[in-house]
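Contents: one structure, followed by commentary.
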Amino acid sequence: MSEFCMATHNAGELRSSDIGQDVVLCGWVWRRRDHGGLIFVDLRDHEGVTQLTFDPDNSGGEAFHTAEAIRPEWPIMVSGTVRARPEDTANPNLPTGEVEVLVHEVVVLNTSKTPPFQIEDGIDTAEDTRLRYRYLDLRRPEMQHNLKLRNDFTFALRSALHNQDFLEVETPSLAKSTPEGARDFIVPSRIQPGNFYALPQSPQLLKQLLMVGGIERYYQVAKCFRDEDLRADRQPEFTQVDLEMSFVTQDQVMGMVEHVLKEAFSAVGVNFETPLRRIGYWEAMDTYGSDKPDTRYGMHLVDVSDIFKASRFKVFASAANTEGERVKCINAKGAGAWPRAQIDKLEKVAKTFGAKGLAWIAFREDGSVNSPIVKFFSDEEMAALKERADVEPGDLVMFAACGRKQADEILGGMRCHMADALGIEREGHDFLWVVDFPMFEQDSATGRYSAEHHPFTLPVEQDVQLIDTDPLAVGSYTYDFVMDGFEAGGGGLRIHNADLQLKVLERLGFTEEKAKEQFGFLLEALSFGAPPMGGFALGLDRVCMLLVGADSIRDVMAFPKTSSGSDLMQGAPSQVSSAQLKDVSLRVD
RNA sequence: GGGGUGUUAGCUCAGCUGGUUAGAGCGCCGGCCUGUCACGUCGGAGGUCGAGGGUUCAAGUCCCUUACAUCCCGCCA
C-alpha cells in the first residue's frame, strides 16, 4: 500500500494477477467460518474484503490456533500468500473473490467486545443505537462510502474554486450575536462577565467584510450553527461551502457557481448541464406551490378561480370573487382509485399544511364520480374543470380555496405528499435556479416585515423607492439553488451602500440607533468604499444526502445529533460544574 | 409550542378480545465438522416488556403521567 502503513495491500485490491505474492494485510475480522480443520476469515478494511484461509497443513499450527480464538471486529495483521481459490469456490459477489490469502502468520492487534449490532450494510438497527456507537456504525461500507463521496465532492469544489483564484479564508466561530435570524448558540465570555459571543449562523457579514477588505474572491467550507428545532435535513451545526465575489453582476456569480458545481458534481459522476434552468419565484410558487420545487414530475397547481366565479358552491365562489384569494387544484393521477377512507385521511394531511378542510373529487376508473362537493357544480363548471385540470378516470383532484399564498402552500405540500404516496418515480437529479425573490415578506399576524432572504440582500434599483411605500413589491437580486426539491444553496448580490443598508434595516423595524448597535461595524465598513459584491452558499450536507440517496443529512455526517440536539455518544449537552459556571458568571435556575 | 409513529432478549421483531413458565430469526457461548462465503449441524445462556402511577382476582396487553427516538407543522434573517 505505502511505506506509511503496516500492510502491503488493502483488502479490496488483490486479484488473480497477484497470485503468488507474499502480502501483509491489516483490517477487522468481519466474518469467521470455522470448518473444524479449516477456517475462513473475511478481513475488512476501508477498501473492501478479502478472504483469509487458515489451513493447519499449510500455515502452521500457530496461526491456525489463533484463528480459532479470534472474533468479529478484532483488528488483526496477517502475512501470507495470495493464491487462487480452488475451482468452483470463487465468490463472484466479491471483487477479490477469485483469490484468497493463505495465512502464515497472524498478529492480534486488539480484541473487541461483541458489537451491539452487526457491521454490515442494509441493517435496520434503530438510529439511536447506531449513534450511540457511531464509531462502529462508521465501519459499515455504506457510511464509509458516504463520507468518501462527501470528501470527493468537497475536494473537487475546493479545487475548482482554487483554480478560479478564490482564497479560502477562515472566519471566526466566536462572533457577535445577531438574533434577528435564527436563534443563536451563545457562548459566555469569562474575561468579560455578562457578555456573550455567538456561534455564527453563517459567515455572511464577515465575508462581506472580506470583500471590503479587498479579497475579491473568497470561499470557505464553513461550519454554521443555528439553535432551531431539527429535521431530517436540519442539524444544529452544518456545513456550507460559502463564497463571495467582488465587482460582479448576478449572472456572473451564478455563472461561476454553475462552473464550480459542474466540476464538483462531475467528480462524483453526476451529470450537471449548464446553464441551469431558471424559474422566477412567483412562477415557482404559482406552478409548484413551493420556492424549492422538484420539477421531475408534474402535478402542477392549476388556477380554476374563473370557472367558479358564479358557482353555487359558496366556498369556491367566495374565494374566486375575493381580491387576493384563489381557487386552485392539483390532479393526483392514480389516487382517484383510492378507497374513500384513504382519501379522507388526506384532509388531515392538508390540515398540517394550513388548510381548514380539503375539497376533492375522485374520478373512478369506471367513469363514476365520488365527491362531497360535486352536487353543487353545474355541468359547465364540471366540464371546464375537467378540461383545465386534464382529468381522466383514475384521477383525484384536490382543491384549496383561500388566500393565494396559503392556497399555494397547501397544494404545494399536498403535491409533495401525493408524489410520495403514489410512489412517483423521480429519476436522476433535478437542478434549477429559483430567482427574483421578493425583498420582503409580511407577517400576517403582526404586520411586520421581514427579509425574504436576509437584510443584506440588494434590492432591485428601480424598486428602491418602493421600500417605503410598497415594500412587498420590491424585488431583489437573489437566487436559490434547488436540487431534487430541496433548497441546496442560495445567494444574491449584497447591498454595498451604507445608506441603502440602513434604509432596509429601518424597513425591517430597526431604529437607526438599534441598527448601528447591531450592525454598526457593517454600516461603517460599507461607508469605506465597499465594492459591488455577491455570493453564494451551498448546503453541503443536503447536497451529499441527495447524492448518496439518504433520507437524512445525519447519514452524511460523521457525528450528528438526534432531533432533540443530543450527541448520544458523547452525552452532550451536559451539565457543567458550578466552578465552570462561576468562571463565566452564570447561574442555572 | 403542536401533531403522528414507536419503545418487549445484544440486534430486528411477533405476542389476538387482559388469563399458566413472554416467543422467533440473527447475534453470543460451547461441542462436532478441511472449501465455506448469510457455512452447516447439535446444544446452551440471555428479558425489572422504556420509567412512574392507576384500574383489575389477574396488565407486555386497558387508563393517566413522563422520558427517549423518529417524522411533520410552527420555527429555520
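Reckoned from all heavy atoms, side chains included, excluding hydrogens, waters and symmetry mates.
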Original post:
For nucleotides 34-41 of chain B, read 5' to 3', which letter fits each nucleotide if B means a protein heavy atom sits under 4.0 Å from the base, S means only the sugar-phosphate is that close, and - means neither?
Top reply: BBBB-B--
Subject >> Contact letters for nucleotides 72-77 of chain B, in which S counts primed atoms plus P, OP1 and OP2 and B counts the base, heavy atoms under 4.0 Å >> reply: SBBBBB
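The ring pair (Phe, Tyr, Trp, His ring centres under 6.0 Å) analysis of residues 115-145 of chain A, with sequence neighbours excluded, yields no pairs.
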All N/O pairs under 3.5 Å across the protein-nucleotides 43-45 of chain B interface:
none

What's touching nucleotides 9-12 of chain B from the protein side, N or O pairs under 3.5 Å?
{"unit_1": "B:G10", "atom_1": "O2'", "unit_2": "A:Pro116", "atom_2": "O", "d": "2.9"}
{"unit_1": "B:C11", "atom_1": "O4'", "unit_2": "A:Pro116", "atom_2": "O", "d": "3.1"}
{"unit_1": "B:C11", "atom_1": "O2'", "unit_2": "A:Thr125", "atom_2": "OG1", "d": "3.4"}
{"unit_1": "B:U12", "atom_1": "OP1", "unit_2": "A:Ala126", "atom_2": "N", "d": "2.5"}

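Take A:Gln51 and apply the side-chain hydrogen bond (donor to acceptor under 3.5 Å, both in side chains) test, not counting sequence neighbours, and it matches A:Arg33, A:Glu100. Residues meeting the ring-ring contact (aromatic ring centres under 6.0 Å, His included) test with A:Tyr218, sequence neighbours left out: none. Scanning for ring-ring contact (aromatic ring centres under 6.0 Å, His included) contacts around A:Tyr477 gives an empty result, with sequence neighbours left out. Under the ring-ring contact (aromatic ring centres under 6.0 Å, His included) criterion, A:Phe40 pairs with A:His35, not counting sequence neighbours. By the side chain to side chain contact (heavy atoms under 4.5 Å, CB included) test, A:Glu98 is found to be paired with A:Ser16, A:Ala90, residues two or more places apart in sequence or in another chain being considered.
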Report, one line per pair, each donor and acceptor closer than 3.5 Å where one atom sits in a side chain of residues 498-510 of chain A; sequence neighbours left out.
{"unit_1": "A:Gln501", "atom_1": "NE2", "unit_2": "A:Pro455", "atom_2": "O", "d": "2.8"}
{"unit_1": "A:Lys503", "atom_1": "NZ", "unit_2": "A:Asp468", "atom_2": "OD2", "d": "2.9"}
{"unit_1": "A:Arg507", "atom_1": "NH1", "unit_2": "A:Ile467", "atom_2": "O", "d": "3.2"}
{"unit_1": "A:Arg507", "atom_1": "NH1", "unit_2": "A:Asp468", "atom_2": "O", "d": "3.3"}

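Less than 4.0 Å separates RNA chain B from at least one heavy atom of each of the following residues of residues 548-573 of chain A: A:Arg554, A:Thr562, A:Ser563, A:Ser564, A:Ser566.
Figure legend. B:G6 is base-paired to B:C68; pairs are counted as Watson-Crick or G-U wobble with both atom distances under 3.5 Å. Across the strands present, B:U17 finds no partner; the criterion is a Watson-Crick or G-U wobble pair with both atom distances under 3.5 angstrom. Shown here, B:U41 forms a base pair with B:G31; the pair counts as Watson-Crick or G-U wobble because both key distances fall under 3.5 Å.
Within a 6.0 Å sphere centred on OH of A:Tyr297, heavy atoms belonging to other residues, nucleotides or ligands number more than 12. Within a 6.0 Å sphere centred on CG of A:Asp121, heavy atoms belonging to other residues, nucleotides or ligands number more than 12.
For the atom pair CZ of A:Arg448 and CD of A:Glu441, the computed distance is 12.0 Å after rounding to the nearest 0.5 Å.
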